[in-house]
Participant: 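Here's a structure for you.
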Amino acid sequence: MNSSGLSSTITLTKSQQQAVEHKDGAMLVIAGPGSGKTRVITSRIAELIKSGVSPYNICAITFTNKAAEEMRNRVIAMHVSGGVHISTFHSLCVRILRQYAAKAKITPNFSIYDDSDQKKCIKEAIKTADLDTKNFQPRRMLEMISRLKNNLESPQTLEADNSGDYFSKCLSKIYKNYQAILDKHNALDFDDLLLKTAFLLRDDADVRKQLNDRFKYLMVDEYQDTNHAQYQIARGLAMISGNICVTGDPDQSVYGWRGADIANIMAFEKDWPNAKVVKLEENFRSGAAILAVAEKLIGVNKNRKAKKLIAATDIEAGVTSECLEDEQAEAVYVADYVKELIAAGSELSEIAVFYRVNSMSRALEEAFIDGRINYQIVRGVEFYGRKEIRDMLAYLKVVTNPDDEISLLRAINTPPRGIGKVTIEKIGDYARQEGVGLYDGMVRCASGEILSRRVGQKISAFVCMIENFKKHIDEDVSELIDVVFHESGLFDSLKIEQDSQGHSQAAAIDNIYELINGAKKFDENSQEKGLVNYLQQIALFSDTDTYDSQSGKVSLMTLHAAKGLEFDNVIIIGAEHGILPHERSFDLPSEMEEERRLFFVGITRARKNLAVTMSRYRTVYGQTKRTIASQFLFEAGIAPEQEPVFEAYESPKKSGYGYEDNYSQAEGESPSKAVSSGGSSKGAFTAGEMVSHKKFGLGRVREFHNLGGSSVVMVQFNSGQTKSLMLKYANLTKIG
DNA sequence: TCGGCGAGTGTTTTT
DNA sequence: CACTCGCCGA
């Protein structure tokens, strides 16, 4: 999203014009990369207002806070009066849920739980279900619950369905417990924000009517990445007016793992039968050479609507690729390449490096520091994930929401106050007897005879402190944080640490001051003030929100974070089998296609120069392993000249994390042959056929997914195991 | 009560 | 390799 060309006098193409002028009814804008989508959306908002629609009646939903902010600025720059609601789905839901809290059966001061909060809750939920965390891994359970929530399955509906097997019954129980814990804490997780809003819209005609009246014109960007809950929310919001305009690109759907359903955009015309469909296929961003690579790659995907990438500029573009020895060499290569770009006149902020996983930034950072290149890592959790920040936020959450036990338990012993497990348990038991929350239990214990005098005093002191903080709740958030910082003892304990450990801890105190500074900005600028608002807003900050286009630094980020951005120069590192595509995606063709789209997204961020690198060896989890070139390099026609041995392989699942057990068989094979021939097992398979595999022996084909060069066969082997194999590498022989 | 230490474990992407 | 968890000693 470049900020240039904001002037409303700028000329639009015919199709852009069509999209901008469309007013009433449904519209689907299929917008390829670089097709001026953001400009279309903002121009349309301006056009709606010009035609007499009140800004107050317009709602635009973006994918990230950053995108929302940017769009807000653009709308303002168009000299259109304010009042348009622009936010992410999640922020919108927070607003709705607070406004209609009673109807949603929650209280408006709810906490929003992040990953680590959720993890604590799920562990407790598993324990109270009398199950163990070995067989029911917290992470996995959370993932499945998230999936359920995204599909709007409540614990009740799940429990009512008695048909499930043992595992689903356990899951159902865990889900129920987990939700009970969240309810008790007056807390919502990310998925709840969507689910509760969707239910509210579905079940309460009054609310639905009011919101439809409020948001007469709804626009949803990045529609290809909406999940079922978001889809239902959008539908609910536009149900009466029918004025829904969605924009997106199925080829850029990269959040399937988070429940995003590409079918939402594919089936839009069915949902809204009179929908106008506009395709934006002209690309104003990238040079033709880059587009050719992108188009070649994405063309391999099977499940897609055909769409062109038409170069609409005469940018001279270049695409290079390089194979380096290991990740250090790769990072140094990138640093040198960046220096060349700078020498050639490029701005640092016009250079970006993308990678598949966050951990890959490390080698880059070292090389950039060595090379004295200024960089920014687009990764936000960093700051809000720091211990001292979380500690501080825990206090604030307790102040707004004493039922938030996760925060309460954190705050009560940071810094240590000599209140231990036993005491907490005692109070917990007492509170349960009395039918009150833990905090209220403390309040009562502080004066009662439940605890020893000594402990009672400690509790009393803590409760008094929190109650005292509550008095400041209507002051500026920044002031309250300052008060909490000093009166809670957090400052003292950090100071002591700092003094004893030299200056290594100085950052902790500075971080709190930075938090205070951020809060000051919130106090000054935010539309809706107050502590609860502040906390709920912070909870929704994300990685991509930290990207600063004006930083004057090279940007490093994951491919996911790169969505929606553009740079003159893009470098994508780690184009290796197992990384891009990621090994966790090997089993499902749909996931392989998503990986391909991810690479596609990365490629199409570049205006002038695209460089792709891989390395021959990579150290993962402390072990150095030989790598295999990504098939995507070949599909896109950009394999490095100094070509790596492209080895035949089997799906490396279950054989550990490395690929070592399949790299022996390849030594002699000619790489180019292995690729272009498509392997030895050509043609189609059908379910039921008997096949033979070198290593796994005999088996029967269960599924065949014809994906051209990357077809996948799922085979159930006689050994009992079922494997998904890439057809062209699996070396399957048909039997009989 | 709490911090330190050692064994064990798990590794994608993020609102 | 890095992080978490649980146990033990002070």
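Proteins get letters first, then strands, A, B, ... in listed order; numbering begins at 1 in each.
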Participant: Which is true for A:V422 with a 4.0 Å heavy-atom rule: it touches a base, it touches only sugar-phosphate, or it touches nothing?
Facilitator: sugar-phosphate

Participant: Measure from the side-chain heavy atoms of A:W257 and tell me the nearest of B:dT15, B:dT13, B:dT1.
Facilitator: B:dT13

Participant: Charged N to carboxylate O below 4.0 Å: is that the case for A:R356 and A:E576?
Facilitator: no

Participant: Which part of the nucleic acid, if any, lies within contact of A:Q230, taking any heavy atom under 4.0 Å across all strands shown: a base, the sugar-phosphate backbone alone, or nothing?
Facilitator: nothing

Participant: Would you kindly compare A:L540 and A:P416 by the position of their nearest DNA chain B nucleotide and give the one closer to the 5′ end?
Facilitator: A:P416

Participant: Can you check the distance between C:dT4 and B:dT13, where both ends of the measurement are the C1' atom (answer in whole Å)?
Facilitator: 22 Å

Participant: Is A:L194 touching bases, backbone alone, or none of the nucleic acid, heavy atoms closer than 4.0 Å?
Facilitator: nothing

Participant: Could you tell me whether a side-chain N or O of A:E388 sits under 3.5 Å from a main-chain N or O of A:N511, the two making a donor and an acceptor?
Facilitator: no

Participant: Base, sugar-phosphate, or nothing for A:R597, non-hydrogen atoms under 4.0 angstrom?
Facilitator: nothing

Participant: What's A:S585 touching, base or sugar-phosphate or nothing? Going by heavy atoms closer than 4.0 Å.
Facilitator: nothing

Participant: Rounding to a whole Å, what distance do you find between A:N65:CG and B:dT14:C1'?
Facilitator: 12 Å

Participant: Over 60° means perpendicular and under 30° means parallel, so tell me whether A:F462 and A:Y395 are parallel, tilted or perpendicular.
Facilitator: tilted

Participant: Select one nucleotide: of B:dT14, B:dT12, B:dT15, the one nearest the side-chain heavy atoms of A:N358.
Facilitator: B:dT14

Participant: With a 4.0 Å cutoff (strictly under), does any side-chain N or O of A:T423 reach OP1 or OP2 of B:dT1?
Facilitator: yes

Participant: Once you round it to whole Å, what is the distance between P of B:dT15 and CZ of A:R147?
Facilitator: 17 Å

Participant: Between A:R139 and A:I424, which residue's closest nucleotide on DNA chain B lies nearer the 5′ terminus?
Facilitator: A:I424

Participant: How many Å lie between CD on A:Q137 and C1' on C:dC3, as a whole number?
Facilitator: 16 Å

Participant: Under 4.0 Å from OP1 or OP2 of C:dA2: is there any side-chain N or O of A:R362 that close?
Facilitator: yes

Participant: Going by an N to O cut-off under 4.0 Å, is there a salt bridge joining A:E69 and A:R72?
Facilitator: no

Participant: Identify which nucleotide among B:dT1, B:dT14, B:dT12 has an atom closest to any side-chain atom of A:R356, counting heavy atoms from C-beta outward.
Facilitator: B:dT12

Participant: Say you draw a straight line from CD of A:Q230 to NE2 of A:H228; how long is it, rounded to the nearest 0.5 Å?
Facilitator: 11.5 Å

Participant: Base, sugar-phosphate, or nothing for A:N413, non-hydrogen atoms under 4.0 angstrom?
Facilitator: sugar-phosphate

Participant: Tell me whether A:H90 is stacked on the nucleobase of B:dT15, counting only the six-membered base ring and applying the 5.5 Å and 30° thresholds.
Facilitator: no

Participant: Using a 5.5 Å cut-off between ring centres and planes within 30 degrees, is A:F89 stacked on the base of B:dT15?
Facilitator: no

Participant: On the nucleotide B:dG10, are OP1 or OP2 found under 4.0 Å from the side-chain N or O atoms that A:R140 carries?
Facilitator: no

Participant: Can you tell which of B:dT13, B:dT15, C:dT4 lies closest to the side chain of A:K123?
Facilitator: C:dT4

Participant: I want to verify a distance call: between B:dT13, B:dT12, B:dT15, whose nearest atom is closest to the A:H582 side chain?
Facilitator: B:dT12

Participant: If you count every heavy atom of other residues, nucleotides or ligands that lies below 6.0 Å from A:R304 atom CZ, does the total exceed 12?
Facilitator: yes

Participant: Tell me: CD1 of A:I427 to C1' of B:dT1, nearest whole Å?
Facilitator: 14 Å

Participant: Rounded to whole Å, how long is the line connecting atom CD1 of A:I572 with atom P of B:dT13?
Facilitator: 17 Å

Participant: When the distance from CZ of A:F600 to C1' of B:dT13 is rounded to whole Å, what number comes out?
Facilitator: 18 Å

Participant: I need the CG-C1' distance between A:D326 and C:dC1, as an integer number of Å.
Facilitator: 16 Å

Participant: In whole Å, I'd like the distance from the CZ atom of A:R596 to the P atom of B:dT12.
Facilitator: 22 Å

Participant: Measure the acute angle between the ring planes of A:F63 and A:Y255, then classify it against the limits of 30° and 60° as parallel, tilted or perpendicular.
Facilitator: tilted

Participant: Would you say B:dT14 has OP1 or OP2 under 4.0 Å from some side-chain N or O of A:T558?
Facilitator: yes

Participant: Closest to the A:F190 side chain: B:dT1, B:dT15, B:dT14?
Facilitator: B:dT15

